[in-house]
Every structure is written in C-alpha cells, then in structure tokens.
Amino acid sequence: MNVIDVEGLSKDYRQHFWTPLRRVLHNVTFVVREAEIFGFLGPNGSGKSTTIKILLEIIFPTEGRAKLFGKDVGDSDAKRHIGFLPENPYFYDYLTSTQFLEFHGSLQGMSRDQIHSRIPKILEQVGMRGTEHMRLRNFSKGMLQRIGLAQAILHDPKLVILDEPMTGLDPVGRKEVRDLMLQLREQGKTVFFSTHILSDVEMVCDRVAILNKGHLLSCGKVDELIAADIRYVDLVWGGHSPKLLDYLRTLDTKLSVSAESIYLKVFPHAKESGKDFERRMNEIVQKGIELGGAIQTISPKKETLEDVFVKQVGHMESRV
Amino acid sequence: MNRFKFYIAFARNAFREARHNKVLHIAAGFAAALILFSLFMGEVSMYQNEKVVKDVGLAAISLLGVFVAIYLGVTSLYQELEKRTIYSIVSKPIRREDVLIGKYLGMAWILGVAVVMMTLYLYLVTSFIEAKIDFALLPAIALIYVELLVIAAVAVLFSSFSTPFMSGFFTLGFFLVGRVSHILRDFGERSKNDVFKFFANLVQKVIDLEPFDLRVHAVHKLPIYMEDFWYPLFYGCVLTALLIAGSLVVFRRRDFK
C-alpha cells in the first residue's frame, strides 16, 4: 500500500475576494511508498508547501484527490500516524519544551504517562536534552526547528512530513536532521520532506519529485533521474611522452599540459551511446599506455541532481 | 480521541497564554484601579457610598470583561492563523470544529477567571465600607459573564473570516447596538414609518443585551424575578450556540493560507 497517493491535484488561490483565481498547482500526481525517504524538490513558490498543506487538510484541493494510508486526507485514523513539522515553525513561545510537547502529545491523543515516558527519549533524539524547562521564546531558530521535529515524532508516527526541515540549521544541525531521517527509515517509517537544498536530497532520498510553478516535472528514484550516462571523463596522465602528446592532440578532446601532467577532458559525441563512449575511452587509455603514458587518475563525471534540477526547471522557464 | 481531553488541553494552553499577555494585565490593572477609585467617588456622594462602589465595581467588571472578550475573540484565532501554529494543530487527529470549540472554551475559562477575580476584588473593596458580603450582586455578575460569552462568540464568528481590526469593529458595534436596541425599538414604536418600525423591532429581537444588565437591581436591592435571570440566561445560551455554529460553518471549509 502506498503511504501517500496523490492524483491530479490542482489548487486555485484568490489573493483577495476581488482578484481573479490563480492556479498554483497543476494536476500533480505521485505516490510515496512505505519506508522510503521521499524528497519533494522545487524552487521557492513551486507549490511544495501547497501540496503538503493539502495532504494535511490545512487547505482543500480545487481538483484531484489525495490519500494517506489509503484513506482520504483529513481522516482521523490516518492523521494519527502522521507527524508534521511546518516550514518556519512558530510555536507558543511562553511554553517550556516539556509543556509544548505535553500539549502536542495530548492533541495526538497520547496519555499523560505515554507523553512523559517519550519526552526524554525524543529530546535526546533531537539533541535538545537539558532544555526541558526552558521557554521556547529563548530558543534560537535551530532549536525551534529541533523542538518542532520533536513534536512531529513524539507519538512515533509511521509517516513524517517535514516542510523545509533544514531551514535555519547550521551544517551540523542539517547533518543531524539527515541522520534522523535515515534513522526513521531504518525503523520502517516513511519520511516525506520538501526542500530546495539539493545536496540534502542526494544524500538521503530514495526517490524525489521535482516541482516548479505548480507543475510536477519528474518523479522517480534519484539514480534514475540522474542520467546514468557519463557527461565527460577527466583523465590525468603522468609524464610527457612526445608520442603520447601527439596522439592526444589528434583526439577531439580538451587538452591542457602542465610541467608534470597532461589533463584530458573527453566528452561523449552527440548521439554517441554510453557503450560506444566507454569503448572509445578504453581505446584512448590503451593507446596512451602503449605510447608510454602512465595514468594518474580517471574520473568519470556523471550528471548531478543539481544538473537535472537546473535543466528541468530551466526548460520549464523557457516554456513558460 | 476523547474530545473533552482535547478541550482541556486547549483551554489550559489558552489560559497559559493569557497569563503572559501584557495587554490583559494592563486591562485588569485599570479595572482594579477603577474599583479602588470608586471608594473616593463614594466619599463625595450623599450617603450612597456603598452603592457607588458596587455600581462602579459591576460596571468595571463588565467593561473589563467586554474588552477581554473582544480582544481574545478577535486575536486568539487570528494569531493561530497568522503565526501558523494552526498548521501543526490541524495536522493532528482533531476535527476543525474541535479546534474552534477548544479555543472558545479556553476564552470562556479566561473570562470566568477574570470575572471571579474581579468579583473577589470588589468584595474586598466593599469590605472597607460594609462588614457583610452582598450576595445580591451575584446574579448580576453571573449575567455579565453570560453576556461576555455572547460577545466572545460574536468576536469568534467575525474573526473566522475577517481581520482583527474589522472583527473588533464589528463586535464592538454588536455590543453597542445590543445595549441600545431596546431604545431603538421604543423609537420604532413611536415612528410612523412602518419599515423603520419593523427594522427596529427586528434588531431588538435578535440583538438584545439589555436583559443581561441587572446592575440597577443588584445595587438598589430591587427584586429580581425568576424570568429576569432565566430569560437572559436562555437567550444568551441560544445566541452563543447559533454564533458558534455559524463560526463552525465558516471554519470547517476555510483554507488556512
């Protein structure tokens, strides 16, 4: 069973009652499976938060439907298994960490005993141990983000939805959140998070969806989205054999020569298949060695998620 | 989930919030100062010392209550939306209706505590001029509380779709019209214009806050009949229920942007 099932979701907004309707989400369809980390990727204003709000019934869709655990969004049973961290969370700043978690735990239907047995464990998990009696008004942005995470996982949900969870965190904090996501996945939980920080997605996500201007551009496994094909190969030769240099100059490549090394950047030809490119590379390497060259490094450069993202979003911009 | 448990959680949270609200502290301080000042006003009256203190005291409780009811009614829901705390609340296994009812019950609790505290304070002040507790004030105070519940419900209704300023403006308008609607009806009775007569009568039937004011009865020891108390109590409950039901209709399908 899919944990999240979104089909043909569209949303129209009206800024004021006298302004015309504007479509901010266009026929978005995707699924999120059990025990995976799903990254919802897109630039600011792409519709990520709008989709999340629909999933949590904070807003209602204009068209389409969304299901959580096979039930329509808004279903109390489904909501019981969800933990949610909103973007830029603001919480009641007059509460202490404990009071804040007590409040959210009771809204989840947890008993007082359950809440109090979970609080120390959860605070430890988000690195907030020792803040039990501190008021939230004294927290930094990063601490607020962590306490927000704590309320999201307090009731041990099966699905954790995080809207821009890395916002306001320093590199250490970001790593800790990534580790927490991985930890949740290990426990069999599903993590759905939105972000525009590509490196985070590449590091932890099983699958991603790319959204721009309310359109879903692509959805799939990270390594499927990133083309398996090599963009180019960096080849560094040690030593200066004149024959090698003459040979390399005959090739259709980028060449630069320094005192000790020869740098070669080999691009695949247009319409050249991956296998043909691989064969051509083998020939270059073999021939170079025969001509007295010694290879220092070979590094094939593949497409990154950033390349995919920029390409897709850029393509979309040009269409719009 | 046990809804009652949720309401308690919400009411407790609302109360904690109110405890840290400086605006409410200042308002309570002002009302307390007004009651204290009535001691001096009583001094300059002719043998009416204790009546002046009680009259001003009840007026101060009512004024403070109306201010708190409007202030909480228009700001508390709006702040949940503006600061987006509503997002993490709505994502919980709770019906939207329960959020609004929980917020309203929280307000009712705060208003109740404010009225009880001001009443105790009024009794403390009156103890300087008379050595007994005047229980005749209690029905008047109880109806002040019911009136405050109605006003809070009006504020919640307006704030479910409007800004705090507009909601406050409309709610204050409701309160003022409600307090003078019986005068409007009297004007209508004397008017030869049938449309005005109908309109004035209608307004008085729908918005009538005058029956909640038993101040004169309580202060001057006039008899308070059963219907003087039960009618406004019943009217207040029905009106509050209708207003909250109206808010729920708006709140249930509203997008929290």
Side-chain angles (χ1 to χ4, degrees), chain A residues 11-15 17 24 49-50 52-62 68 73-96 99-100 102-112 115 135 137 148 151-152 154-155 157 159 161 163, chain B residues 1-25 75-103 105-106 110 161-163 166 249-257:
Chain A
K11 178 66 186 172
D12 295 339
Y13 266 140
R14 201 192 289 276
Q15 197 69 28
F17 71 88
V24 293
S49 294
T50 302
I52 289 177
K53 284 181 197 170
I54 291 174
L55 290 177
L56 296 162
E57 221 189 21
I58 293 168
I59 58 173
F60 297 92
T62 308
L68 298 168
V73 290
D75 183 280
S76 289
D77 283 338
K79 277 183 170 181
R80 220 174 290 281
H81 303 295
I82 301 171
F84 171 55
L85 170 71
E87 183 183 6
N88 297 323
Y90 172 89
F91 301 116
Y92 309 105
D93 59 6
Y94 47 85
L95 298 180
T96 63
Q99 288 171 339
F100 171 73
E102 276 172 356
F103 176 63
H104 281 276
S106 56
L107 297 191
Q108 278 292 352
M110 295 170 76
S111 71
R112 206 175 156 73
I115 295 171
R135 287 196 195 286
R137 70 163 60 107
Q151 64 82 28
L154 179 69
H155 56 296
L159 167 66
I161 299 178
D163 195 0
Chain B
M1 166 186 178
N2 183 353
R3 276 191 206 166
F4 192 65
K5 195 174 149 190
F6 162 69
Y7 295 147
I8 289 176
F10 232 105
R12 189 186 291 152
N13 194 43
F15 191 70
R16 275 187 184 133
E17 186 171 13
R19 258 179 44 206
H20 292 89
N21 193 316
K22 289 193 178 81
V23 176
L24 298 183
H25 292 176
T75 58
S76 73
L77 199 57
Y78 179 80
Q79 279 181 357
E80 295 279 2
L81 301 172
E82 190 64 15
K83 293 179 176 174
R84 299 173 184 178
T85 42
I86 195 84
Y87 289 4
S88 45
I89 292 169
V90 170
S91 69
K92 304 281 190 292
I94 298 163
R95 296 185 320 160
R96 283 185 172 209
E97 293 88 319
D98 292 336
V99 175
L100 194 122
I101 293 170
K103 291 292 291 179
L105 291 179
I110 294 164
F161 60 85
S162 185
T163 61
M166 293 308 289
V249 170
V250 179
F251 201 68
R252 189 181 291 158
R253 293 300 301 173
R254 183 178 168 179
D255 278 348
F256 301 135
K257 283 186 250 180

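Just so we're on the same page: letters track the sequence lines, and every chain starts at 1.
- Only the backbone of Arg14(A) comes within contact range of chain B, judged by heavy atoms closer than 4.5 Å.
- Interatomic distance, CZ of Arg84(B) versus CZ of Phe91(A), reported as 12.5 Å (0.5 Å rounding).
- Close approach to chain A, defined as a heavy atom under 4.5 Å from one of its heavy atoms, is seen in Asn13(B), Arg16(B), Glu17(B), His20(B) of residues 13-20 of chain B, taken by number.
- Distance CG/Leu107(A) to CD1/Ile89(B): 6.5 Å, rounded to 0.5 Å.
- Of the listed residues Leu56(A), Asp163(A), Ile58(A), the one with more heavy-atom pairs under 4.5 angstrom with chain B than any other is Ile58(A).
- For a residue to count as touching a neighbouring chain, one of its non-hydrogen atoms must lie under 4.5 Å from one of that chain's; by this rule Leu55(A) does not touch chain B.
- Using a 4.5 Å cut-off between heavy atoms, His155(A) does not touch chain B at all.
- Gln151(A) contributes atom CD, which lies 5.0 Å from atom OG of Ser88(B) (distance to the nearest 0.5 angstrom).
- Once rounded to the nearest 0.5 Å, the distance linking CG of Asp255(B) with OH of Tyr13(A) reads 5.5 Å.
- Between Lys79(A) and Lys92(B), every side-chain heavy-atom pair lies at or beyond the 4.5 Å cut-off.
- When Leu85(A), Ile82(A), Leu95(A) are compared by the number of non-hydrogen pairs under 4.5 Å with chain B, Leu95(A) comes out ahead.
- Comparing Met110(A), His81(A), Glu87(A), Glu102(A) by heavy-atom pairs within less than 4.5 Å of chain B, the highest count is held by Met110(A).
- Atom CZ of Phe256(B) sits about 9.5 Å away from atom CD of Glu57(A), to the nearest 0.5 Å.
- With values rounded to the nearest 0.5 angstrom, Arg95(B) atom CZ is found 8.0 Å from Ser76(A) atom OG.
- Closest approach of Arg253(B) and Phe60(A) over heavy atoms only: NH1-CE2, 3.2 Å.
- Using modelled atom types and a 3.5 Å distance limit, the side chains of Tyr87(B) and Lys53(A) yield a donor-acceptor pair.
- Looking at Gln79(B), there are no atoms closer than 4.5 Å to chain A (heavy atoms on both sides), in backbone or side chain.
- Figure legend: Arg12(B) and Phe103(A) shown without cation-pi pairing, the cationic atom not lying both under 6.0 angstrom from the six-membered ring centre and within 45 degrees of its axis.
- Here the closest non-hydrogen pair linking Pro93(B) and Gln108(A) is CD-OE1, 3.1 Å.
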